[in-house]
There are 2 protein chains.
Amino acid sequence: MTKAPIPPMNPMDPRGLAEETAARLRADVIAGHFRPGQRLSEMRLAADLSVSRNTLREVFRLLTREGLLVHAPNRGVSVAVPSMAGVLDIYRVRRLIEVPALAQAWPRHAAVPRMAEAVTEAIAAQAAGDWRRVGSANMAFHAAIVALTDSPRLIAFFAQAVAELRLAFGLLDSPEQLYAPFLHENSIILDLLTAGETAEAATRLASYLDRSERVVMTAFARLENGALRG
Amino acid sequence: MTKAPIPPMNPMDPRGLAEETAARLRADVIAGHFRPGQRLSEMRLAADLSVSRNTLREVFRLLTREGLLVHAPNRGVSVAVPSMAGVLDIYRVRRLIEVPALAQAWPRHAAVPRMAEAVTEAIAAQAAGDWRRVGSANMAFHAAIVALTDSPRLIAFFAQAVAELRLAFGLLDSPEQLYAPFLHENSIILDLLTAGETAEAATRLASYLDRSERVVMTAFARLENGALRG
DNA sequence: GGACCTTAAGTTGTTCAACAATCAATTTGA
DNA sequence: TCAAATTGATTGTTGAACAACTTAAGGTCC
């Protein structure tokens, strides 16, 4: 009699109402349905989401750990306010993880097809003018790059950082400026990888991240100036 | 009239009963008070910790996210069972984060004194024969290395990985074999850093991690063989 | 005798209701 | 006008209840 060693566990697909609701609220937050810094009332949000206050509290713990919400004791949770320091930190993490992941990648890794899918999906979404879908596809591309490492911890950590970054992107207007110049770059990086030119692909990705960071930071600085002036 | 922008929030020090209890349970798990894979009954553990079942559930969420506990739906949570694959992954993460952190470090960073404190603490604990304290000090040394980056995300991520690693260490007997050969190495790395020889310090740390990984993995393999036979 | 179904006990998942603790705003008082 | 006290609302925590599920035991049928 052999006992099943480990019950399969994928933290992404919803197990139970709490994580299911967490996925729903996470999508809402990333989509910008709440203003940054907005306080989330437990009673009211629990009613809106049709879950109990206890379950919503578990959801809050989840998303607070992910950096999408912030928790002030006895004052409840509110949507995180992205900062330039935070964006800078996230890009640093991206560079640290993504570039070596690509440099040491095996060109026939199982994640490569996922990168290809993300590229075509991004192009299709761009043609359809759906910039939110473009953003999702772009992030899926980079998540696939990290998946090249086969490291569960790096993958989870990166997913978290990306979620925070998308929250920051939601603040900026004209998202097409953010993604449009980089879609073709993804395709080039993918080609270099499949051709086995991993070193070339890695340097290309590094410059990609540098430019992307600069674009985002300037847009962010413009936004903060505007917010300060009024 | 200026309103206080953000109330300070450090997730490490206990705010509220849940995080306080989480710290308590985390220490128990790392100290090896539970067998790996042991199921944790909600009712019983809630009674032992003198908290309600709801609060304990929030604690479970916390520690599950940290990788110390695993959650099986409708079957509750159990203590994570460290695996060789997991240890390998953690060392990979350590190399990826620690080595660049040291290479790019500023020799007069605020975290350098913390590294020095950790070194002296480890030596004192070694003299006292308190190997658990040696382990804590050693991990504090490496946490300080990561703190050189000033990246909140990297610091939090690394702390999590280190907690998992200590859980794995708890399985092994003869912990003195794990730490003893490396205490002096810490001191050398610190000296190199303060002397401004960051590149030298980084390569030294890299070889440190390689050797440490090898020691831990062989001890782990011996353990798994013994577990299978006995 | 062994495999399969059924039942039963125990545990987890979720909700509800209550109360204490804390914070924000308003009112009161000098 | 400014400071202190009160009020109102929200969060923090607990306890109990019930449904859903897992597991183990017991019984039935071949």
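Each chain gets a letter, A, B and so on, in the order the sequences are listed, and its residues count up from 1. The basis for the numbers below is simple: all heavy atoms, side chains too, and nothing from hydrogens, waters or symmetry mates.
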Visitor: A side-chain contact here means heavy atoms from C-beta on lying under 4.5 Å apart; do A:Leu148 and A:Val112 qualify?
Guide: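 In contact.
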Visitor: How many whole angstroms separate atom CD of A:Glu58 from atom P of D:dT13?
Guide: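 Answer to the nearest Å: 14 Å.
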Visitor: With sugar-phosphate meaning primed atoms plus P, OP1 and OP2, does B:Leu40 contact a base, only sugar-phosphate, or nothing at under 4.0 Å between heavy atoms?
Guide: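 Sugar-phosphate only.
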Visitor: In whole Å, I'd like the distance from the CZ atom of A:Phe60 to the C1' atom of D:dT10.
Guide: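 Computing the A:Phe60:CZ to D:dT10:C1' distance gives 12 Å.
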Visitor: Between B:Glu213 and B:Arg94, does at least one N-O distance fall below 4.0 Å, as a salt bridge requires?
Guide: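 Salt bridge absent between B:Glu213 and B:Arg94.
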Visitor: For the pair made of CD in B:Glu19 and P in D:dG12, what is the distance, rounded to whole Å?
Guide: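 It works out to 10 Å between those atoms.
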Visitor: Report yes if at least one side-chain N or O of B:Arg75 is closer than 4.0 Å to OP1 or OP2 of D:dT23; otherwise report no.
Guide: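 Yes.
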Visitor: Calculate the interatomic distance between A:Leu17 atom CG and C:dT12 atom C1'; express it in whole Å.
Guide: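 To the nearest whole Å, that distance equals 14 Å.
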Visitor: Could you tell me the separation between the CG atom of A:Asn54 and the C1' atom of C:dA17, rounded to a whole number of Å?
Guide: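 Result: 11 Å.
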Visitor: Send over the distance from B:Leu56 CG to D:dG12 C1', rounded to a whole Å.
Guide: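 It works out to 16 Å between those atoms.
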Visitor: Is any side-chain N or O of B:Arg53 under 3.5 Å from a base N or O of C:dT11, one able to act as donor and the other as acceptor?
Guide: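 Answer is no: no donor-acceptor pair is held.
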Visitor: Please check the phosphate of D:dG12 (OP1 and OP2 only) for any side-chain N or O of A:Arg57 closer than 4.0 Å.
Guide: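 Looking at the OP1 and OP2 atoms of D:dG12, one of them is under 4.0 Å from a side-chain N or O of A:Arg57.
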Visitor: Can you measure B:Glu42 atom CD to C:dT14 atom P for me and round it to whole angstrom units?
Guide: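 For the pair B:Glu42 CD and C:dT14 P, the rounded distance is 11 Å.
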Visitor: Taking C-beta and beyond as the side chain, do B:Arg65 and A:Leu62 meet within less than 4.5 Å on heavy atoms?
Guide: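 The answer is yes; the side chains approach within 4.5 Å.
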Visitor: Let me know the distance between NE2 of B:His71 and P of D:dC21, rounded to the nearest Å.
Guide: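 About 14 Å, once rounded to whole Å.
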Visitor: Is any side-chain N or O of A:Thr55 closer than 4.0 Å to OP1 or OP2 of C:dT15?
Guide: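 The answer is yes; a side-chain N or O of A:Thr55 sits under 4.0 Å from OP1 or OP2.
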Visitor: Nearest nucleotide by nearest heavy atom, which residue falls closer to the 5' end of DNA chain D, A:Asn74 or B:Asn74?
Guide: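 Its nearest nucleotide lies further toward 5', so the answer is A:Asn74.
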Visitor: Is it the case that more than 12 heavy atoms not belonging to B:Arg153 sit under 6.0 Å from its CZ atom?
Guide: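 Atom CZ in B:Arg153 is crowded, with more than 12 foreign heavy atoms closer than 6.0 Å.
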Visitor: Describe the nucleic acid contact of B:Arg39 in one word from base, sugar-phosphate, nothing, applying a heavy-atom distance below 4.0 Å.
Guide: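 B:Arg39: backbone/sugar contact only, no base atoms under 4.0 Å.
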Visitor: Of the non-hydrogen atoms in A:Ala122 and A:Val134, which two are nearest, and what is the gap between them?
Guide: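 So the minimum-distance heavy-atom pair works out to O-CG2, 3.9 Å.
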